[in-house]
Amino acid sequence: MPVILRSESNCQPPLPLERLRQSAEHLLRLCGHQHSELSLLIVADPAMREMNRHYRGKDKATNVLSFPMAEGRDIPNGTLLGDIVISADTAIREARELKIPVAKRLRWLLIHGLVHLLGYDHELSAAEARLMEAREMELQHHLTIIERKNTMIQLAINVDHVATLRQARGINEPDPILAAGICELAGASGIVVHLREDRRHIQDRDVRLLRETVKTKLNLEMGAAPEIIAIALSLKPDMVTLVPEKRQELTTEGGLNVCGQKKKLEEVIKEMRGAGIPVSLFIDPEPKQIKAAAAIGATFVEIHTGRYCDAIGETAQDAEFDLVAQAAELAYGQGLKVNAGHGLSYHNVSRVAALETIGELSIGHAIMARAIIVGLERAVREMLALVRGA
Ligand code: PXP
């Protein structure tokens with residue numbers, strides 16, 4: 001095993017260590033050291049401070065330390081390269097300051113530590129610092145390409161509001177089935193519809209037809225009501241997302257209280273699993289809900305981004321974003337597949353989409369609202385052409 005990873009940190013949420021180990025393996029390969037050995041130790045700030053004091057005479061914690069075993073830059077493949085020690089506390093703090101995911105900061109610290117082990121030292125001279133930085137940038141670039149290939153984020157589109165417009169007139173257009181096809185043609189990775197008990201937008205016929213026509217993935221959003229469960233079990237969508245459903249609400253308001261109804265949800269998950277349908281639980285970004293979701297056997301969680309999207313002012317938005325990012329890390333670390341959605345728009349989506357722990361975003365209202373505006377000019381011109389040409 002070329003990468004030996006050990007963690008002595010109890011930070012919460014836990015760091016995405018498996019991904020860090022994979023990054024280290026990719027990096028060794030990129031450096032032509034796939035048969036070399038690297039030891040990676042994650043510690044807390046007090047231990048880092050002690051090491052920094054002992055080995056470098058600096059009585060403070062630092063982000064990363066490297067202890068090379070080989071000398072120079074001409075190190076053959078198959079060598080014991082040495083140890084990299086990273087402080088989890090400092091990495092988390094720096095990620096918050098830089099407003100980047102912790103995983104990204106950890107990866108940068110890993111690259112920095114590894115380049116030291118490979119004989120580069122920015123402290124020797126300005127020329128050496130430039131050389132080291134160039135090597136770091138090069139590795140960062142290649143690693144990003146490799147990892148992006150494996151973790152390209154997906155976009156699922158919720159077409160409920162096409163049905164909302166149709167139901168406003170009680171006729172048969174616009175048709176969400178047609179809209180779903182267009183979304184797929186445009187590159188959507190999946191179609192989401194919420195079959196509500198009150199059938200205020202999506203109808204049974206819509207779900208039936210979508211089951212037949214969707215070529216990507218049909219995600220049926222639903223409350224855990226017996227009638228809707230029976231429909232899901234008979235139609236077998238590609239996955240279901242369980243949400244709390246209240247009759248009076250305009251849209252899904254909060255996440256599921258998984259902790260408060262573990263037994264009931266566990267039974268629904270079992271039933272769906274029996275029919276080969278993976279289950280996602282729509283939850284607020286709260287650690288206890290994530291742990292409960294993992295404990296009762298959910299395949300996915302969808303992290304509710306509503307509070308982040310609704311937050312007013314940079315400080316409040318940053319705080320809500322941190323909760324989403326931490327929740328996604330925790331869920332990923334628990335082996336759950338992680339989706340996110342609600343309230344995402346053209347203004348606030350980028351930060352969430354940059355989180356590497358999230359596999360898919362579910363977006364509806366913002367896209368349908370924009371479609372009406374950017375498609376309106378063409379709709380008027382086409383009508384005008386008919387009116388004038390009559
Ligand atoms: N995810 C879930 C679970 C939802 O209930 C909704 C709203 O229907 C969305 C995502 C999409 O939210 P929005 O329409 O605000 O993009």
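In each ligand, atom 1 is the first atom listed, and ligand 1 is the first ligand listed.
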Tabulate distances under 3.5 Å between N/O atoms of ligand 1 and N/O atoms of the protein, writing both atom names on each line.
residue, atom, partner, partner atom, Å
ligand 1, 1 (N), E302, OE2, 2.5
ligand 1, 5 (O), E221, OE2, 2.5
ligand 1, 5 (O), T252, OG1, 2.9
ligand 1, 8 (O), N158, ND2, 3.3
ligand 1, 14 (O), H365, N, 2.8
ligand 1, 15 (O), G343, N, 2.8
ligand 1, 16 (O), G364, N, 2.8
ligand 1, 16 (O), H365, N, 3.4

Does a side-chain N-to-carboxylate-O contact under 4.0 Å join R96 and D318? no
S87 vs N63 side-chain heavy atoms within contact, under 4.5 Å: no
Check residues 357-366 and write down every donor-acceptor pair under 3.5 Å in which the side-chain atom is one partner and the other belongs to a residue at least two apart or another chain.
residue, atom, partner, partner atom, Å
E360, OE1, K217, NZ, 3.2
E360, OE2, S189, OG, 3.0
E360, OE2, K217, NZ, 2.6

Step by step, would you call H26 with H142 a side chain to side chain donor-acceptor pair (under 3.5 Å)? CA-CA 9 Å; H26 287 314; H142 289 298; over 6 Å; no
Expected list for residues 278-288: side-chain donor-acceptor pairs under 3.5 angstrom, two or more places apart:
residue, atom, partner, partner atom, Å
D284, OD1, G255, N, 3.1
D284, OD2, G255, N, 3.4

Tell me every residue that passes side-chain contact (heavy atoms from CB on, under 4.5 Å) with A24, counting only those two or more places apart in sequence or in another chain. V3, L38, L40, L110
